[in-house]
Q: 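The structure's right below; bear with me while I get my questions together.
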Amino acid sequence: MGNLLSAAISNGFDPIFTYCKEKASYIWNLEDNLDALQKALEDLTQAKEDVMTRITIAEQQQLRRLNRVQLWLTRVQAVETQVGELQRVRSQEIEKLCLGGYCSENLKSSYEFGKKVVDLLKVVADLKGEGATYVMDVAERIPEDQVERRPSEPTVGLESKFDQVWSYIIDEQVKIIGIYGKGGVGKTTLLTQINNKFLSLTNNYVVIWVQVSKDLRLEKIQETIAKKIGLSTNEWKSKPFEEKATDIFRILSRKKFVLLLDDIWERVNLINIGIPPPSQEIDFKVVFTTRSIEVSNHMGTHKKVEVELLTHAEAWLLFQKKVGEETLTGNPDIRILAEIVARECGGLPLALITIGRAMAGNNQPEEWRYAISILRMSAHEFPGMENDVYCLLKFSYDRLPSDVYRSCFLYCSLFPEDYCITKRDLIDCWIGEGFLRRYDGILARNFGYNIIGFLLRACLLEEGENDDDVKMHDVIRDMALWIACEIQEEKFLIRSGAGLTRAPVVREWENVKRMSLMKNDIKNLSEIPNCPELLTLFLHENPLGMLTSGFFQYMPHLQVLNLSNTCITKLPVEISKLVGLQHLDLSWSKIEELPEELKALTNLKSLNLEDTNYLCKIPRHVISNLSMLRVLRMFNFGYNISIEPEDSILFDECELLINELVSLEHLNVFSPTFKNSRALRRFLNSHVLQNCRVESLSLHLNDGSSSLNVLSLGFLKDLGALYIRSEHLVDMVIDSEMRNVPQFHGLHTVRLYFCTKLRDATWLIFAPNLKILEISFCYEVDLKTSRTKDPEPVLYSQQVVEEAKTVGEGDAPEEDCRKLTMSRVGCTDKKKTPDDKSSSSAVYEPDVAPGGCRTKTEGQNRHNEDAHMENMSSASNDVLPCKNEAQKKSDNISYSIQTEKDDANVMNLTPSDISLLSIYSSYIFIV
C-alpha cells in the first residue's frame with residue numbers, strides 16, 4: 001500500500017519536476033548557452049556570406065534574387081542584431097549568478113535573459129538549416145518587358161513603307177511578312193520602328209527581337225526567344241534542341257507574340273525552332289529583314305515589302321540633316337556642291353549618313369570639291385566609306401554561292417554608273433572570260449541567266465528599263481571596284497563614261513587585267529600598248545574610227561573584245577594575234593568587211609555582227625574556220641548593201657553562208673538575216689537548226705516573192721524578234737491546219753517595214769506574248785479585221801483601237817490581256833514616198849554620237865531602230881537613261897507631232913516628256 005502511494009506521488013510530480021528543471025536550466029546553463037549561441041551565429045554568418053556570393057554572381061548574369069532568399073537574409077540580419085545585443089550584456093548577466101551558477105541574485109531577470117538565449121539558439125539553427133537549401137537556387141531571371149524599346153533616330157522616306165508593313169501586321173490573314181532590299185537601305189531602321197510602335201499599344205503582344213546576321217545558329221534564336229518568355233534557366237539550357245523547341249512551342253501557343261528577325265541570310269525553319277505554324281487559332285506575326293528576295297520567298301512569306309532607295313528629294317533632306325544647316329549656309333557655293341555630293345550617294349541612306357556626317361563642319365568650297373573628286377575616282381578613300389559602308393555591303397558579296405557568282409558580279413563594275421547592261425551581252429562576256437566553263441552551249445547561257453537572277457534577288461543588281469537589262473547601283477559598283485582592286489588586288493583600269501577624248505597613255509595599260517574605256521569620246525588609238533595580262537577590253541560606244549597597225553600585237557591572252565557601236569570600218573591584220581579571243585562584238589559598228597586573218601581566231605566562241613549595216617564582205621572559209629563558234633549573231637546586218645562581192649559568203653543571197661554554217665558543229669545560237677525566200681527555206685530545212693537556238697530573224701526579201709508561209713517560222717521556238725521588209729510581199733499565208741495552234745510563244749517584237757503591198761497581219765494572233773509591234777510604211781495593213789476569204793479571228797478589237805487613240809489613258813483594256821506597244825508610222829498617205837519625211841506622222845532628229853557615229857540609248861531595245869529610219873524612234877522615260885554629251889544636247893530639241901484627225905492638234909514634246917511614243921493609225925498614245 002505504501003509503495004502504491006509512493007508511485008502515485010512520484011508519477012504526479014515528474015512533469016512538474018521536468019518543467020521546473022527546464023526553466024531552471026535557463027539559469028544553470030546560461031554561460032554554456034551563450035557560448036553555443038555565438039558559435040551557431042558564426043556558422044550562420046558564414047552561410048549568409050556563401051549565399052550572398054551566389055547572389056552576386058547571379059545578378060551579374062542579369063538574374064534577380066528570389067523573394068524567399070531576400071526574406072531569409074533579412075531574418076539573418078535581424079538575428080545577428082539580437083545576438084549582438086545579448087552578447088554585449090553577457091558579463092553583467094553572468095555576475096548575477098551565485099551558488100556556483102545554480103542560482104541568481106535576480107531570478108526573474110536571469111530567467112528572462114536565459115530564455116532569450118535559448119530561443120535565439122533555436123532560431124539560428126532553423127535559419128542555418130534553411131540557408132543550406134540555397135546552394136544553387138538563389139536567383140531567377142528578371143521577367144522581360146513585353147516590348148523593349150530600341151534606340152532609333154528620326155527617319156526620312158520610310159513613312160509609306162512603315163504604313164504598308166503595319167497594314168499587314170493588323171491584317172489577321174497575314175502571319176509572315178518579309179522586308180527586303182539592298183544593304184544600307186534602311187531595313188533594320190524600319191524594323192526598329194515597328195518594334196517601338198508596339199510600346200504604344202495595349203494588346204498584350206510579347207515582342208521578341210532576334211538579331212540573326214549571316215552566321216545562322218538556330219540554338220541562338222531559341223535562346224533569345226526563351227529568355228523573353230522566361231524559359232532560359234540552366235536546367236533548360238541543358239536540354240536537347242528538340243525538347244527546347246517543344247517547350248517554346250507550348251508557351252508561344254498560349255501567347256500573342258510578334259517575332260522580329262533582323263538580317264537573315266538564309267531560310268530559317270521556324271517550326272524547328274518552336275514557332276507555331278500559321279493558323280487563325282494563334283495570334284502571332286513574324287516579320288523579318290533580308291537582302292535577298294530569294295530568302296524572302298523561301299521563308300513562305302504572305303506579304304513582301306521592298307525598301308527602296310530614297311528619291312532625290314528625300315536623299316537631299318536626309319543629307320542636310322546629317323551635314324547641318326550651319327555648314328550648308330556658311331558659303332553660298334556649298335549648298336550647290338553638297339547637292340552634287342548627295343547625288344553621288346545614289347539614294348542609299350547608309351552612304352548619305354556616312355558622308356553627311358563626314359562633311360559636317362567642312363566650311364570651305366574647296367573641301368567639297370575635293371570630296372566630289374574622291375567619291376568619283378576612289379570612293380573607298382573617303383572617310384568612313386570603307387569601314388561603315390563597303391564592309392557592310394560586302395556581306396552580300398561574301399554570301400554569294402561560289403567564286404563563279406562573285407567573279408560575274410565584279411565583272412559588272414566594268415560598265416558605267418547606272419548603265420543598262422543587256423543580259424545577253426553580259427552573258428556573252430562571262431562565257432568569253434571563262435567564268436561559266438563548268439557548262440557548255442545553251443546550258444552555259446542558262447546558267448548565266450540563273451546567276452543574273454540570283455544577283456538581282458540578292459539586291460546586288462537592279463532591274464533595267466526593260467526585261468532584257470540590268471543595272472548596278474553607284475555605291476554597289478564602287479564597292480565592287482574596291483573589292484576587285486583593293487582586296488583582291490586585281491588590276492582593273494576603268495574609265496567608262498568618263499568623258500575621255502584620248503585613251504590613257506600606254507604605260508597605264510601594263511599589267512592591267514580588265515580595261516573599260518567604253519562610252520567616251522575617243523576617236524583613235526594611235527599607240528601600241530603592251531598588255532600581256534589583259535583579258536577584257538571594252539572600247540564600245542566611242543566614235544572610234546582608227547586602230548593603229550599593230551594595236552593587238554601584244555595582247556596574247558585577250559579573251560573579250562568589244563568594238564560595238566564604233567565608227568571603225570576595218571580591223572587591223574594583227575587581229576590574228578588574238579589567238580585566245582573568245583568573244584568579239586562588232587555590232588552597230590561601221591565595219592565594211594571582215595579580214596581573212598580572222599581565220600586564226602580558232603578559239604572564238606561568240607561573234608556578234610548584228611546591225612552592221614555596212615558589212616558587205618565576209619571572205620569565204622572565215623566563218624567555217626571558227627570551229628569553236630557557239631554564238632553567231634547576224635541579225636539585221638548588211639542593210640545598206642544591195643550588192644555583195646562574189647568572193648564573199650554573203651553573195652548569192654547568203655546561201656554560201658548556210659554552207660559554212662553546216663561545218664560549225666558547236667553552233668547553238670544563230671540570229672540570221674536572209675534576203676530571199678529560197679535561202680530561208682534552205683535554212684529551215686537544214687540540220688543546222690537541230691541544235692541551234694534562233695533568237696531573232698531578219699527577212700529583207702527582195703526576190704519578188706509575194707507570199708510567205710509565216711507559220712513555218714513557228715518551229716523556231718526561241719524566236720523573240722522578227723523583222724520583215726519586202727516591197728513585193730502581199731500575203732502572209734496561214735496554213736489552215738495550223739490555224740488554231742499557238743506558234744510564237746516567245747515572240748515579243750515584230751517590225752514590218754516597207755511592206756507596201758502587205759494587206760493584213762492577222763497571223764499575229766499566234767503571238768500571245770507580243771510586246772512591241774511596229775508597222776512602218778505598210779500602207780495596206782489593217783489590224784482590226786482580216787482581209788482573207790476565210791473568217792479569221794479579229795487581231796485587235798475595236799475597243800483596243802479606240803482606246804489607243806487617247807493620249808495617256810493607260811494600258812490596253814483587260815480583254816487584250818497584255819501590254820502591247822504599237823507604232824504605225826508613215827502609213828497614212830500612199831501617195832507619199834518613204835523618202836519623203838512629210839509622210840511620217842512624227843519627225844525626229846537622229847541621235848548622233850561625237851564624230852558622227854550612231855549611239856545606242858541604254859535600256860532601249862537594240863532592234864527597234866534601222867539605218868533608214870533614224871528619224872523615227874521611241875524612248876523610255878520610266879528611268880531616264882544615261883546620256884553622252886550629244887544625247888544631252890538633243891534634249892533641247894522640241895518635236896512636233898500632229899495627228900491627221902485634227903490638223904490643229906499639235907503637241908510639242910521633248911524626249912524627257914515621252915514615256916513610250918507609239919503612233920497607231922495616225923493617233924498617238926502612250927503606254
Side-chain angles (χ1 to χ4, degrees), residues 2-60 63-140 233-235:
N3 290 333
L4 290 174
L5 181 61
S6 175
I9 294 172
S10 177
N11 290 336
F13 280 94
D14 273 349
I16 298 173
F17 178 77
T18 301
Y19 174 78
C20 292
K21 182 179 178 182
E22 179 184 347
K23 301 302 180 183
S25 67
Y26 294 158
I27 299 175
W28 297 344
N29 299 326
L30 179 60
E31 191 168 2
D32 291 339
N33 288 343
L34 284 169
D35 292 339
L37 179 61
Q38 185 61 37
K39 179 63 172 60
L41 180 64
E42 291 173 358
D43 293 342
L44 179 60
T45 301
Q46 186 62 52
K48 183 191 76 170
E49 291 176 355
D50 291 342
V51 171
M52 282 302 302
T53 299
R54 289 192 289 271
I55 289 175
T56 300
I57 294 172
E59 289 180 341
Q60 289 174 351
L63 301 177
R64 183 183 65 181
R65 66 182 71 181
L66 297 171
N67 290 333
R68 63 178 183 273
V69 174
Q70 181 58 48
L71 178 61
W72 180 81
L73 291 172
T74 303
R75 289 164 55 200
V76 169
Q77 187 176 4
V79 166
E80 287 177 330
T81 301
Q82 294 175 36
V83 172
E85 291 175 352
L86 292 180
Q87 294 293 351
R88 279 198 301 273
V89 297
R90 170 191 178 108
S91 59
Q92 297 175 15
E93 293 297 329
I94 296 298
E95 290 177 357
K96 293 179 182 179
L97 299 179
C98 59
L99 299 177
Y102 287 96
C103 190
S104 173
E105 296 176 354
N106 188 338
L107 289 174
K108 181 179 180 183
S109 173
S110 296
Y111 168 78
E112 291 175 352
F113 183 80
K115 186 175 184 305
K116 287 180 181 180
V117 172
V118 172
D119 291 343
L120 278 177
L121 267 172
K122 293 179 181 179
V123 171
V124 169
D126 291 342
L127 288 175
K128 184 179 176 182
E130 184 178 346
T133 65
Y134 301 138
V135 175
M136 294 295 294
D137 194 13
V138 297
E140 64 182 355
T233 63
N234 290 327
E235 180 183 358

Q: How about CD on Gln77, more than 12 heavy atoms from neighbouring residues, nucleotides or ligands closer than 6.0 Å, or not?
A: no
Q: What are the two closest heavy atoms between Leu120 and Gln82, and how far apart are they?
A: CD2-OE1, 3.2 Å
Q: Show the nearest heavy-atom pair for residues Leu121 and Ala40, with the distance to one decimal.
A: CD2-CB, 4.3 Å
Q: May I ask you to say whether Arg54 pairs ionically with Asp50, meaning some side-chain N is under 4.0 Å from a carboxylate O?
A: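 Answer for the salt bridge query: no.
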Q: Which heavy atom in Leu41 sits nearest to a heavy atom in Val124, and how many Å separate them?
A: N-CG1, 3.9 Å
Q: Can you give me the closest heavy-atom contact between Leu127 and Trp72, atom names plus distance?
A: O-NE1, 2.8 Å
Q: Using side-chain hydrogen bond (donor to acceptor under 3.5 Å, both in side chains) as the criterion, list what pairs up with Gln70, not counting sequence neighbours.
A: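 For Gln70 the side-chain hydrogen bond (donor to acceptor under 3.5 Å, both in side chains) partners, ignoring immediate neighbours, are Arg65.
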Q: Could you go step by step and tell me if Val79 and Arg75 meet the side-chain contact (heavy atoms from CB on, under 4.5 Å) rule?
A: CA-CA 6 Å; Val79 166; Arg75 289 164 55 200; 5.6 Å; no
Q: Say you draw a straight line from CZ of Arg68 to CG of Leu73; how long is it, rounded to the nearest 0.5 Å?
A: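 That separation rounds to 12.0 Å.
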Q: Can you check side-chain contact (heavy atoms from CB on, under 4.5 Å) on Glu49 and Met52, steps first, answer last?
A: CA-CA 5 Å; Glu49 291 176 355; Met52 282 302 302; 5.5 Å; no
Q: Roughly how far apart are Lys48 NZ and Thr53 OG1, rounded to 0.5 Å?
A: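 So the gap between those two atoms works out to 11.0 Å.
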